[in-house]
Every structure is written in C-alpha cells, then in structure tokens.
Engineer: 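Please read through the structure below; I'll follow up with questions.
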Amino acid sequence: MARLSKAELIQTAKDAIENAGWDVEILSERGVHPAELRVARGGVRHLIRLYIWNLSHGGKSRSEAEFRIQVKSGVTQFVRMTGERTLILGWDDDLAVFAAYDYNRHARALGSSPSLQISIDTLRAGADRGLAARTKRNKEIVVAVRPDFLASYVEEQSKLHDPVEAQATVEALRMGRLSSAEVEIQRLERLIRGGAVPRFGARNEQLQRRVLLNRLARLRENMDSAPPGRSMIGHNRPPPEDEDIPTWQEVQQAAKEVAEELSTPKPNLERITARALIIEKAGRLWKALKDEAQKLGTSVVDAVREKAAEGLTLILLYKVLGGILTWLHVTLS
C-alpha cells in the first residue's frame with residue numbers, strides 16, 4: 001500500500017473537492033497539519049479544518065479485515081473552531097477511497113497513540129458505490145468516501161454520521177449522482193480534454209474495470225435476447241423534450257464499443273464518455289416513454305412481456321451507467 005506524505009494527502013483531499021466544482025484555497029502553509037481550507041461554490045462557503053493520515057492494516061494482533069489511521073503528528077485533541085467543519089480522514093491509495101470519522105465521537109482529549117478503525121468491506125463498498133456508511137461496535141458511524149463524493153460528504157457530514165439519517169442520505173446522494181449523470185459525464189469530458197491524466201493499472205481501477213465489463217456483458221446479453229417492446233419506441237409519440245431517442249441498435253453498439261475500449265491497456269476516455277452519453281440518454285428517455293405507455297394502457301400479456309424484458313434492460317442500463325461513472329472517477333482521481 002502506497003503511503004503519501006502529509007502534503008500529498010492534503011492535496012488529494014483538495015483535488016477531490018475542487019474536481020466537484022468548488023473553489024478551494026489552502027490557508028495554512030504547505031505540509032502544516034491540520035490543514036485549513038476555504039471552499040466556495042456560488043454563494044456557499046465553508047471553512048474546513050482537515051486532519052488526514054494514511055490508512056494501514058490494524059496490526060498483527062488484529063483482524064485481517066481491519067484498517068486504521070494512527071493519530072500522530074503531535075495531535076492530542078481534534079479541534080473545531082466556531083464556523084468550521086472538521087474532517088477526520090484516512091486515505092487508502094490502493095482503493096482510492098477516504099475513511100471519514102465522526103468528530104463528535106472524538107472531540108475529547110485523545111489517549112497515547114490512538115487509532116481509529118474501519119473495515120476493508122466498508123472501504124470496498126465506498127470505492128464501489130461512492131459512499132458507504134457502517135456502524136462500528138462502539139456505535140460510531142464511519143463513512144467510506146470515494147474522492148468524487150468528498151464534496152458531498154463535506155455538505156452532508158452531520159447527516160452521514162447520524163444513526164437515523166445516514167443510510168437515507170447515502171442513497172439520496174447516490175441517486176442524485178445518477179439523475180445528474182449527463183451533466184457529470186460532460187464535466188468529466190471537460191477534465192479529459194483539459195489534460196487530466198488517467199491512472200490506469202491501479203488496483204481499484206482494475207477492480208472497477210472488471211465490475212463494469214461484467215455489467216456490460218449482462219446488458220449486451222439481455223439486449224440480444226430481448227428485442228424492444230412498444231413502450232421503448234414510444235407508441236408513435238414524440239420523444240420527451242423533442243430529443244432524438246437512441247435506437248436499440250445504437251445502445252447495443254455503444255455498449256460494445258465501451259467494452260472494447262475497456263479490454264485495452266489504455267482505453268480512450270473521450271470515446272467512452274461519448275458512448276456513455278448515448279447510454280444515459282437511452283435510459284432517461286426510454287424510462288420516460290415507458291412511464292407514458294403505462295399510463296395509456298396495454299394488454300395484460302403485452303404488459304407482462306414488456307415489463308420483464310424492458311424493466312431488466314433499464315435496470316442494467318443504469319447499472320452500466322453507474323459503473324462507467326465509478327470507473328471514470330477512480331481513473332481520474
């Protein structure tokens with residue numbers, strides 16, 4: 001597991017928030033820890049006190065599934081000044097994911113060489129799906145946060161550590177990402193064209209690539225065996241918002257081309273984002289047309305057939321779309 005310097009860790013967090021569209025200024029001197037950051041977007045501003053360490057295994061006497069941050073750098077107590085948000089983070093460079101701990105559970109003076117734990121399963125879930133919140137034995141909710149969700153974590157920090165609101169907030173943030181997928185893909189396109197350097201070959205990039213290839217294979221298999229029903233061609237009605245609806249064949253071809261790129265050592269990211277936009281558009285418009293068709297009514301037999309074939313296709317489309325976004329974020333982080 002690669003270990004980053006303190007300055008590199010701080011920069012990793014800064015880049016993650018900045019890549020989400022926020023202006024980020026590091027107020028403290030380089031390498032000073034905790035770091036002080038000022039972040040702004042539109043009329044929203046936050047002051048952040050950032051504590052961050054490398055994650056490592058829990059030690060010889062601990063479970064293989066346990067990882068931790070060891071609180072060093074002369075930190076004897078976490079501090080939150082009036083108007084600040086305090087982040088206590090660990091970073092796993094192999095999985096490219098943060099562990100985020102609840103300040104309110106650790107606000108008192110710390111003991112000698114304290115450590116804060118998180119399970120590898122939680123880290124993997126966060127790396128895979130963007131966010132994962134798990135309750136530890138001490139009742140603390142610890143959150144695994146992929147870099148593309150770190151700005152969302154800053155915004156929703158209190159809810160994500162709340163036992164009542166944590167899971168609903170995680171799901172809302174994940175679904176919000178899919179509902180704004182077109183905007184997010186276009187933002188990633190701009191990063192790529194602006195010279196963003198992809199990280200091919202890292203452990204988590206390879207993991208997410210395999211997950212996405214499996215989802216693409218399932219989608220293509222389903223589409224090959226389930227021709228489109230009437231609701232996906234719109235009952236001869238115009239497409240929502242006068243948009244051209246991608247054809248069944250265009251989506252099959254887009255999925256094929258994404259899979260081809262992912263089968264190469266260095267995929268063409270611009271080609272993948274272009275095909276991802278076709279998949280996103282198909283999922284969005286096909287669902288709108290399917291909902292409209294259901295309002296008009298179909299025969300029972302047709303409804304059952306179309307629900308089985310098209311419903312699964314829509315589910316797989318969104319799984320593929322989520323997989324593409326995850327892979328792109330991990331590759332560009």
Side-chain angles (χ1 to χ4, degrees), residues 1-26 35 37 39 41 46 48 50-55 67 69 85 87-101 118 120 122-133 142-157 160 169-170 173-174 176-178 180-181 183-192 194-209 211-212 269 272-273 276 322-333:
M1 180 183 294
R3 295 185 66 80
L4 305 187
S5 69
K6 194 65 71 179
E8 290 172 328
L9 288 169
I10 293 167
Q11 187 67 38
T12 298
K14 175 183 182 289
D15 290 345
I17 299 172
E18 214 162 42
N19 287 341
W22 291 75
D23 294 323
V24 183
E25 181 183 1
I26 299 179
L37 284 66
V39 305
R41 185 172 66 177
H46 299 301
I48 294 174
L50 171 65
Y51 296 89
I52 186 167
W53 289 268
N54 290 287
L55 281 163
F67 282 73
I69 57 171
R85 298 191 178 210
L87 272 57
I88 306 170
L89 302 180
W91 171 251
D92 186 310
D93 201 54
D94 288 341
L95 290 176
V97 67
F98 297 98
Y101 300 90
I118 188 171
I120 187 63
T122 304
L123 291 171
R124 286 172 177 161
D128 182 32
R129 303 190 66 190
L131 284 169
V142 62
V143 185
V145 187
R146 209 171 54 212
D148 52 299
F149 277 85
L150 186 60
S152 298
Y153 171 78
V154 172
E155 287 282 272
E156 303 292 349
Q157 183 183 20
L160 286 166
T169 304
V170 165
L173 290 170
R174 287 173 178 166
R177 172 62 52 80
L178 285 178
S180 60
V183 173
E184 183 64 10
I185 294 168
Q186 290 170 342
R187 185 184 72 81
L188 292 170
E189 276 188 319
R190 291 193 294 272
L191 281 178
I192 294 162
V197 179
R199 296 188 356 166
F200 297 126
R203 179 181 173 186
N204 198 35
E205 185 272 323
Q206 292 293 305
L207 171 64
Q208 297 304 332
R209 190 188 294 220
V211 169
L212 179 51
L269 298 188
I272 287 176
T273 53
I324 291 173
L325 285 171
T326 297
W327 179 78
L328 285 170
H329 285 127
V330 168
T331 303
L332 294 170
S333 65

Engineer: With a 3.5 Å distance limit and no angle check, can you tell me whether E205 reaches the backbone of G201 through a side-chain donor-acceptor pair?
Structural biologist: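 Such a contact is found between E205 side chain and G201 backbone.
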
Engineer: Minimum heavy-atom separation for A16 to P147, with atom names?
Structural biologist: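 Of all heavy-atom pairs spanning A16 and P147, the closest is CB-O, 3.4 Å.
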
Engineer: Under the ring pair (Phe, Tyr, Trp, His ring centres under 6.0 Å) rule, collect the residues that match up with Y101, sequence neighbours excluded.
Structural biologist: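 Partners of Y101 under the ring pair (Phe, Tyr, Trp, His ring centres under 6.0 Å) test: none.
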
Engineer: How many angstroms lie between atom CG of D15 and atom CD1 of I10, to the nearest 0.5 angstrom?
Structural biologist: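 Here the rounded value is 12.0 Å.
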
Engineer: Could you check whether any side-chain N or O of R174 sits under 3.5 Å from a backbone N or O of L131, counting only pairs where one atom can act as donor and the other as acceptor?
Structural biologist: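 Yes; at least one donor-acceptor contact below 3.5 Å.
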
Engineer: With side chains defined as the heavy atoms from C-beta onward, is the minimum distance between N54 and L9 less than 4.5 Å?
Structural biologist: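 Yes - at least one pair of side-chain heavy atoms lies under 4.5 Å apart.
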
Engineer: Closest approach of A13 and L150, non-hydrogen atoms and distance?
Structural biologist: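 Heavy-atom minimum between the residues: O-CD2, 3.8 Å.
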
Engineer: Let me confirm one number: the CG-OG1 distance from L191 to T273, rounded to the nearest 0.5 Å.
Structural biologist: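 OG1 of T273 is found 11.0 Å from CG of L191.
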
Engineer: Using every non-hydrogen atom in the two residues, find where L55 and A99 come nearest and quote the distance to one decimal.
Structural biologist: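 Heavy atoms only, the tightest pair is CD1-CB, 4.0 Å.
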
Engineer: For the residue pair E184 / H329, report whether a side-chain donor-acceptor contact shorter than 3.5 Å exists.
Structural biologist: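 There is such a pair (donor and acceptor under 3.5 Å, judged by atom type) between the side chains of H329 and E184.
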
Engineer: Do Y51 and L89 make a side-chain contact, defined as non-hydrogen atoms from C-beta onward lying under 4.5 Å apart?
Structural biologist: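 Side chain of Y51 against side chain of L89, heavy atoms only: no contact under 4.5 Å found.
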
Engineer: Can you list everything that forms a salt bridge (Lys or Arg N to Asp or Glu O under 4.0 Å) with E8? Sequence neighbours excluded, please.
Structural biologist: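 Result, salt bridge (Lys or Arg N to Asp or Glu O under 4.0 Å) vs E8: none returned.
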
Engineer: How far apart are the closest heavy atoms of V97 and A127, and which atoms are they?
Structural biologist: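 Closest approach of V97 to A127: CG2-N, 3.9 Å.
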
Engineer: Is any side-chain heavy atom of W327 closer than 4.5 Å to a side-chain heavy atom of L325?
Structural biologist: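 Heavy-atom side-chain distance check fails, nothing below 4.5 Å.
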
Engineer: If you measure from CD on Q186 to OG on S180, what distance do you get to the nearest 0.5 Å?
Structural biologist: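 Output value for this atom pair is 11.0 Å.
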
Engineer: Can V39 and D23 be said to form a side chain to side chain contact (heavy atoms under 4.5 Å, CB included), step by step?
Structural biologist: CA-CA 5 Å; V39 305; D23 294 323; over 6 Å; no

Engineer: If you round to the nearest 0.5 Å, how far is CD1 of I69 from CD1 of I118?
Structural biologist: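 CD1 of I69 is found 9.5 Å from CD1 of I118.
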
Engineer: Side chains of T326 and R146: does their closest heavy-atom pair fall under 4.5 Å?
Structural biologist: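 In short, these two side chains touch, coming nearer than 4.5 Å.
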
Engineer: So do F98 and T12 actually touch side chain to side chain, heavy atoms under 4.5 Å?
Structural biologist: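 In short, these two side chains touch, coming nearer than 4.5 Å.
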
Engineer: Take I48 and I17 through the test side chain to side chain contact (heavy atoms under 4.5 Å, CB included) and record every step on the way to the result.
Structural biologist: CA-CA 11 Å; I48 294 174; I17 299 172; 4.3 Å; yes

Engineer: Taking C-beta and beyond as the side chain, do F200 and Q206 meet within less than 4.5 Å on heavy atoms?
Structural biologist: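 F200 does not reach Q206 side chain to side chain.
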
Engineer: How close do A20 and A151 get, counting heavy atoms only, and between which atoms?
Structural biologist: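 For A20 and A151, the tightest heavy-atom pair comes out as CB-CB, 3.7 Å.
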
Engineer: Within a strict 4.5 Å, meaning less than it, do heavy atoms of the V330 and L95 side chains meet?
Structural biologist: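 Not in contact.
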
Engineer: What distance do F149 atom CZ and E155 atom CD have between them, rounded to the nearest 0.5 Å?
Structural biologist: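 These two atoms lie 14.0 Å from each other.
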
Engineer: Shortest non-hydrogen contact from A133 to L160?
Structural biologist: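 Nearest pair, atom of A133 first, then L160: CB-O, 4.3 Å.
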
Engineer: CD1 of I185 to CZ of R190: how many Å apart, nearest 0.5 Å?
Structural biologist: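 Reported value, rounded in 0.5 Å steps: 12.0 Å.
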
Engineer: Any side-chain heavy atom of I52 sitting closer than 4.5 Å to one from I88?
Structural biologist: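 SC-SC contact between I52 and I88 ruled out.
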
Engineer: Run the numbers on L332 and L269 for side chain to side chain contact (heavy atoms under 4.5 Å, CB included), then give the verdict.
Structural biologist: CA-CA 10 Å; L332 294 170; L269 298 188; 3.9 Å; yes

Engineer: Pair E25, K14 - check side chain to side chain contact (heavy atoms under 4.5 Å, CB included), show working.
Structural biologist: CA-CA 8 Å; E25 181 183 1; K14 175 183 182 289; over 6 Å; no

Engineer: Looking at L87, L37, V145, which one forms a side-chain contact (heavy atoms from CB on, under 4.5 Å) with V154?
Structural biologist: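 The residue from L87, L37, V145 that satisfies side-chain contact (heavy atoms from CB on, under 4.5 Å) with V154 turns out to be L87.
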
